[in-house]
Amino acid sequence: MGFEEEWAAHKAVAARSQEQNSVRLNGTGASGAPGGADLKTSSAAKNAAANAVRDEIRPGVRTAGSHADDESAAVTVEFTGWQTGSGLKEAHEEWERQVANLQARLAKEENGLRSAKRDFQYVDHEVERPLSRIAMLGTGAAGDRHV
């Protein structure tokens, strides 16, 4: 085997190896195929969900929590001096802690939805910028400089 044939064989092996081990940033195959590109995100849906948490769910939790406050306070007064009264008082204090924890969790969920909306948009742009520079270098569009 001459040099040219051997060199062509090595190049073919290297090309196959590179294809098998390469990372594809523009997709992974046909939609629906195993390992196919299936990430879908909707900024509008994330914003709508965050608004629902802020405008509907958190106020509903606040209302339900305060409704229990009024009822529990009245019953606790009626049972003052009884073990039932102290038990109800402890249960009500735990209820208040749980409502506060749920409100804090909902606030984190709302912030997380808004952050995810923003992050998907900006991370995509931050990844695209350096890749487009690399693509321009490969085509010689950046003044025929090679790094």
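Note that the structure is a prediction, hence the values are computed from the model and not measured.
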* Asked: How are the rings of Phe3 and Trp7 set relative to one another: parallel (under 30°), tilted (30 to 60°) or perpendicular (over 60°)?
  -> parallel
* Structure fact -> Of all heavy-atom pairs linking Pro59 and Val53, the shortest is CD-O, 4.2 Å
* Asked: Would you call Arg114 and Arg54 a side-chain contact if the rule is heavy atoms closer than 4.5 Å?
  -> yes
* **More than 12 heavy atoms of other groups within 6.0 Å of Gln83 CD** => no
* **Single-linkage hydrophobic cluster, 4.5 Å side-chain cutoff, Val61 and Trp95 together** => yes
* **Gap separating the OG atom of Ser115 from the NZ atom of Lys46, nearest 0.5 angstrom** => 11.5 Å
* Structure fact -> Distance col, row Glu56:CD vs Arg58:CZ, nearest 0.5 angstrom, shows 13.5 Å
* Would you check if Gln103 and Arg62 make a side-chain contact, meaning some heavy-atom pair closer than 4.5 Å? => yes
* Enter the distance from His92:NE2 to Glu96:CD here, rounded to the nearest 0.5 Å. => 3.5 Å
* State whether the side chain of Asn111 and the backbone N or O of Ala107 hold a donor-acceptor pair below 3.5 Å, judged by distance alone. => yes
* **CG on Leu102 to CZ on Arg105, rounded to 0.5 Å** => 9.0 Å
* Asked: Say you draw a straight line from OG1 of Thr80 to NZ of Lys89; how long is it, rounded to the nearest 0.5 Å?
  -> 9.0 Å
* **Straight-line distance of Asn51 CG to Ile57 CD1, nearest 0.5 Å** => 11.0 Å
